[in-house]
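Read the structure below first, then the notes.
Here the structure is a predicted model, which is why all the values come from computation and not from measurement. In what follows, chains are A, B, ... by sequence order, proteins preceding strands, each numbered from 1.
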Amino acid sequence: MEYNFRAIEKKWQKQWEDSHIYHVSNDSPKPKCYVLDMFPYPSGAGLHVGHPLGYIATDIYARYKRLKGFNVLHTMGYDAFGLPTEQYALETGQHPVVTTEQNINAFRQQLNNIGFCYDWSREVNTSDPSYYKWTQWIFLQLFESWYDRNLQKALPIKTLEGVFEQEGNKNHVCPGDRSIQFTAEEWKQYDEVTRRDILMQYRLAYLAYAEVNWCEALGTVLANDEVINGVSERGGYPVVKKKMRQWFLRITEYANRLLEGLETVNFSDAMKEMQRNWIGKSQGAEIKFNLKNNDGQIEVYTTRPDTIFGVDFMVLAPEHELVSSITTPEQKEAVEKYLDYVQSRSERERMAEVKQITGCFTGAYAINPFNGREIPVWIAEYVLAGYGTGAIMAVPCGDQRDFGFARHFNIPITNIIGDAFNGTEANPTKDAKLQNSGFLDGMEMRPAMDVVINKLEEMGIGRRQINYKMRDAGFSRQRYWGEPFPIVYRNGVPYAMDEKDLPVELPYVENYKPGPDGEGPLANITDWVNIAPDVKRETNTMPGYAGSSWYFLRYMDPHNKNTFADRKATDYWNQVDVYVGGTEHAVGHLLYSRLWTKVLYDLGYLGFDEPFKSLINQGMIGGSSRLVYRIHGTNQYVSHGLKDQYQTDALHVDVNIVDGVELDIEALKKWKPEFADATFILEDGKYICGVQLEKMSKRLFNTVNPNDLVNKYGADTFRMYEMFLGPVEQSKPWDTKGIEGVHRFLKKLWRLFADEQKGIIVNEQAPTPEELKILHKTIQKIDHDTNNFSFNTAVSSFMICVNELASLNCHKRAILEPLLVLLTPYAPHLCEELWQYLGHNESILNAIYPVYEEKYTAETAFTYPIAINGKTRTEMSFDLNLATEEIEKAVLANPVVEKWMEGKSLKRMIIIKGKMINVVI
RNA sequence: GCGGGUGUGGUGAAAUUGGUAGACACGCUAGACUUAGGAUCUAGUGCUUCGCGGCAUGGGGGUUCGAGUCCCUCCACCCGCACCA
């Protein structure tokens with residue numbers, strides 16, 4: 001009876017499906033546990049071995065929690081809207097609905113092949129109208145809400161209208177435009193259009209103008225991904241900025257709560273740090289500077305008001321609205337030329353550029369309010385319009401970028417920190433004494449900040465201000481394959497559609513070409529757009545993160561037709577207990593999900609305001625490419641070790657036709673016609689490939705399909721091998737070669753239970769203390785490691801256990817049965833099979849997790865390493881209860897110690913019970 | 001540029017969190033069984049040295065009886081940066 005994994009795995013996968021054993025109820029007396037994976041985008045390329053890493057980890061954890069007596073929610077779905085599918089449609093004419101369905105089916109097949117315990121009855125697909133109906137519904141909640149800064153929560157917009165009628169907006173600064181102020185009387189006199197304009201400035205989902213990447217030649221707006229070095233990826237056409245009216249989510253209103261919420265969740269410090277940096281809270285001041293010979297004012301935001309006497313120039317973002325009005329005639333030409341240059345630069349390039357300093361003087365001067373000094377006003381690309389006020393006061397002695405700028409353009413530098421500034425680089429210290437600083441002279445910088453702000457407020461030209469680097473989230477895409485907005489425009493004024501008319505289904509189109517003026521493809525469907533003579537639909541669609549911002553809630557109640565998820569269900573499942581996914585979502589997806597949850601909480605639809613109680617970041621699995629070396633100008637290939645004797649070109653070959661580094665030459669010849677007649681120069685009769693670590697990508701022929709490995713070694717081996725590779729959090733390259741070690745382990749385990757000739761060989765003998773010790777050491781380790789997502793060390797513990805039991809020839813039920821339960825989360829198919837052979841009728845999934853008992857592992861003696869001056873020289877075994885003096889005596893009498901001590905005297909001896917002994921001489 | 005992460009044998013890694021560096025595997029070497037071996041088993045395998053020993057956790061410095069682990073500093077690589085998902 002041998003380990004026939006193919007038959008076993010098929011058998012149990014069918015059994016599980018037929019018995020609905022993974023079906024989860026929302027009604028259970030057991031404690032709940034919600035284990036979530038970041039759901040995948042169902043790309044046409046299918047899953048490669050990098051994807052399941054996190055899925056296997058959560059699957060093991062989910063099964064473990066189930067065995068520990070929890071009601072576990074473990075689900076899978078698809079984040080199915082997205083650019084690649086639309087791009088594919090554009091190229092092939094295949095409708096995204098069709099390709100999405102095909103891709104999803106392929107993904108599901110691959111996932112099932114690995115034996116996951118998902119409750120498939122809860123599967124979601126964000127591109128399904130029954131799902132995106134609720135995405136649209138939540139959008140409407142955002143549209144119909146505003147954020148009350150006094151209460152620090154979202155409220156229905158109707159409440160705001162009530163407030164305006166009572167008292168105008170004097171107690172509620174307009175977040176969209178601070179300058180908007182009106183009384184109750186004025187509000188009452190405004191017409192509908194004006195009122196709705198004002199309300200728009202308060203809504204959590206709102207319309208505003210923002211720049212997009214516009215490609216005239218393609219007639220379309222491009223994603224950042226599609227722009228490379230200022231030209232389109234497709235075709236290489238020029239790309240410029242274009243202002244368009246777009247939807248935004250007012251996430252900035254939640255900046256502080258998103259920041260504070262981090263204190264209540266269990267994310268890694270690195271992850272929290274990334275989110276904090278993204279939110280970018282800073283305290284400082286807004287200061288208005290008057291201009292020389294101009295009525296305008298420049299408003300800057302600075303975190304260092306204490307350095308105001310060190311301001312040697314001002315920098316405006318090139319897009320700043322004042323630029324055109326302050327530029328002097330002499331500088332006009334230079335400024336316009338510079339603006340043209342900036343137009344072609346991406347935001348990333350603008351921030352990252354360090355070697356090349358660019359900028360242009362506007363000819364204007366600002367006036368320092370404290371000493372009347374004239375400060376030249378420049379524009380430069382390193383100042384971005386969206387940050388702060390889009391203008392900075394530059395203090396070259398304190399800021400390195402300002403310093404570089406001043407040096408480059410020969411702007412004189414004022415030193416306000418005395419010796420702390422060495423003249424060759426800026427010093428951003430906050431602990432120097434101020435000099436050359438008028439009334440601040442002699443003051444420490446930190447207290448000076450408050451002094452300056454108070455003075456500015458007194459003078460009415462500045463104020464204390466908390467700023468966030470985070471910007472409101474763009475929520476429009478000029479694309480087809482996304483959720484349509486439930487919005488109609490009546491005479492150009494946007495209105496929410498009625499809830500009963502949801503979902504607004506994505507209309508069927510024949511082609512996916514962009515609409516006029518940068519609008520999305522939906523703009524081309526005039527009979528869909530034009531509902532009535534002056535009533536038009538919104539033609540933008542929602543971005544990729546819309547559907548993924550709340551999918552974890554839909555899993556709780558996936559078939560509900562009346563609401564996104566019943567409050568009873570969300571109260572029961574509550575927060576996601578463990579969420580596993582890649583760091584690449586550190587800021588985007590996680591912040592949006594946290595935002596949506598908070599809004600739904602504020603509006604009373606949820607009972608919790610942080611979606612994810614704890615988060616684990618899985619590392620990326622890198623590709624390990626294989627290279628062959630073609631001798632230049634020939635079709636002859638030379639093995640890696642000999643390649644330096646020739647002039648060669650390295651070519652990527654499919655990793656699946658290479659065993660480790662040894663090329664399967666026949667397979668290569670069949671792989672591509674160009675290799676059919678190839679000849680080879682071998683070393684030791686083999687062709688050895690070169691190895692290169694890089695991204696796992698189809699293009700580099702280094703992707704490995706889990707299906708191939710499952711077919712060759714079985715799902716249980718595959719699962720355990722992925723875990724054996726290393727810590728889940730760590731990135732590592734994929735190497736198929738090592739999988740055989742894990743496969744051998746499972747076969748060895750199998751042989752503890754069954755013999756090829758004799759069949760099942762498990763006996764009923766009583767276990768020895770030694771066997772019990774092995775078992776209980778393993779229980780302790782596996783329980784601990786599984787609970788802590790330390791699956792790699794758990795797998796090696798299983799190996800050690802099986803190695804030890806095999807060498808003891810142990811085939812005892814009392815030992816093997818608990819071991820099988822321990823292993824079930826890792827190798828569910830094999831365990832089910834052996835469990836059945838052991839005579840159980842009930843699935844092992846419902847077994848009881850073994851309990852560690854200390855009495856079996858207690859030690860009475862310990863073998864100490866004996867170190868002389870910290871270097872281990874020998875070992876000695878002592879009873880753990882032996883007195884320190886006795887140990888000391890025995891150590892000094894040890895011949896090895898005596899030898900090392902020769903001629904030297906003992907300084908001290910360090911004895912750590914149960915750890916080590918160090919003799920210091 | 002900003003932010004985050006990672007550096008330990010030929011390879012993936014482990015190290016009870018300051019206490020025997022390299023567990024467990026892959027690979028490699030030798031052997032046993034075998035018609036066969038890409039099955040199984042046994043032994044060996046960080047570098048260096050005949051050996052005693054010496055040297056080793058990216059480089060340099062420090063704290064300590066003791067450092068992969070703590071501190072300072074430098075370097076290399078990977079990921080993210082707001083329209084890829």
Under the rule of Watson-Crick or G-U wobble with both distances under 3.5 Å, where | means paired to another strand and [ ] a crossing pair, RNA chain B maps to (((((((..(((......[....)))((((((.......))))))(((....)))..(((((..]....))))))))))))....
Atom-to-atom span, CG of A/Asp399 to P of B/C2 - whole angstrom: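 To the nearest whole Å, that distance equals 11 Å.
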Distance-only check: which donor-acceptor pairs under 3.5 Å involve side-chain atoms of residues 78-86 of chain A, not counting sequence neighbours?
residue, atom, partner, partner atom, Å
A/Thr85, OG1, A/Tyr41, OH, 2.4
A/Glu86, OE1, A/Tyr480, N, 3.1
A/Glu86, OE1, A/Trp481, N, 2.8
A/Glu86, OE2, A/Tyr480, N, 3.0

Give every pair of a protein N or O atom and an N or O atom of nucleotides 23-30 of chain B that lie under 3.5 Å apart, one pair per line with the distance.
residue, atom, partner, partner atom, Å
B/A25, OP1, A/Asn803, ND2, 2.5
B/C26, OP1, A/Arg744, NH1, 2.3

* Using the benzene-type ring in the case of Trp, are the ring centres of A/Tyr382 and A/Phe405 under 6.0 Å apart? ->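 A/Tyr382 vs A/Phe405: aromatic centres under 6.0 Å.
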Atom pairs, N/O to N/O, protein against nucleotides 48-55 of chain B, distance under 3.5 Å?
residue, atom, partner, partner atom, Å
B/G54, OP1, A/Arg873, NH2, 3.4
B/G54, OP2, A/Arg873, NH1, 3.0

Checklist entry - Side-chain N or O of A/Lys747 less than 4.0 angstrom from OP1 or OP2 on B/U40? => result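 Answer is yes, contact under 4.0 Å.
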Can you check whether A/Arg751 has a side-chain N or O nearer than 4.0 Å to OP1 or OP2 of B/C41?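 True: A/Arg751 side-chain N/O within range (under 4.0 Å) of B/C41 OP1/OP2.
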message = Please enumerate all residues that pass salt bridge (Lys or Arg N to Asp or Glu O under 4.0 Å) together with A/Asp783, with sequence neighbours excluded.
response =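 Checked A/Asp783 against salt bridge (Lys or Arg N to Asp or Glu O under 4.0 Å); matches are A/Lys68.
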- Considering residues at least two apart in sequence or located in another chain, which fulfil the side-chain contact (heavy atoms from CB on, under 4.5 Å) criterion with A/Lys272?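 A/Lys272: side-chain contact (heavy atoms from CB on, under 4.5 Å) contacts with A/Leu262, A/Val265, A/Phe267, A/Arg276.
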Residue list, side-chain contact (heavy atoms from CB on, under 4.5 Å) with A/Lys747, at least two apart or on another chain: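 Scan of A/Lys747 (side-chain contact (heavy atoms from CB on, under 4.5 Å), adjacent residues dropped) gives A/Tyr3, A/His743, A/Arg751.
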Task: Test ring pair (Phe, Tyr, Trp, His ring centres under 6.0 Å) applied to A/Tyr88 - qualifying residues, sequence neighbours left out - done: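 Testing A/Tyr88 for ring pair (Phe, Tyr, Trp, His ring centres under 6.0 Å), a comparison that skips the adjacent residues, returns none.
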Margin query: So, using side-chain hydrogen bond (donor to acceptor under 3.5 Å, both in side chains) as the criterion, who are the partners of A/Glu859 when residues are at least two apart?
Written below: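 A/Glu859: side-chain hydrogen bond (donor to acceptor under 3.5 Å, both in side chains) contacts with A/Lys773.
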Next item on the list: Only counting residues at least two apart or in another chain, list the ones meeting side-chain hydrogen bond (donor to acceptor under 3.5 Å, both in side chains) with A/Gln275.
Entry: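 Testing A/Gln275 for side-chain hydrogen bond (donor to acceptor under 3.5 Å, both in side chains), a comparison that skips the adjacent residues, returns A/Arg594.
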Could I get a table of every N or O pair under 3.5 Å where one atom is in the protein and the other is in nucleotides 4-9 of chain B?
none

| request: With syn defined as a glycosidic angle within 90° of 0 and anti as everything else, classify B/U40. | output: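 Anti, which is what one calls it when the glycosidic angle falls more than 90° from 0.
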**OP:** Only pairs at least two apart or in different chains count here, so list each salt bridge (charged side-chain N to carboxylate O under 4.0 Å, His left out) that has a residue in residues 719-729 of chain A.
**Re:**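 Sorted pair list: A/Asp59-A/Arg719.
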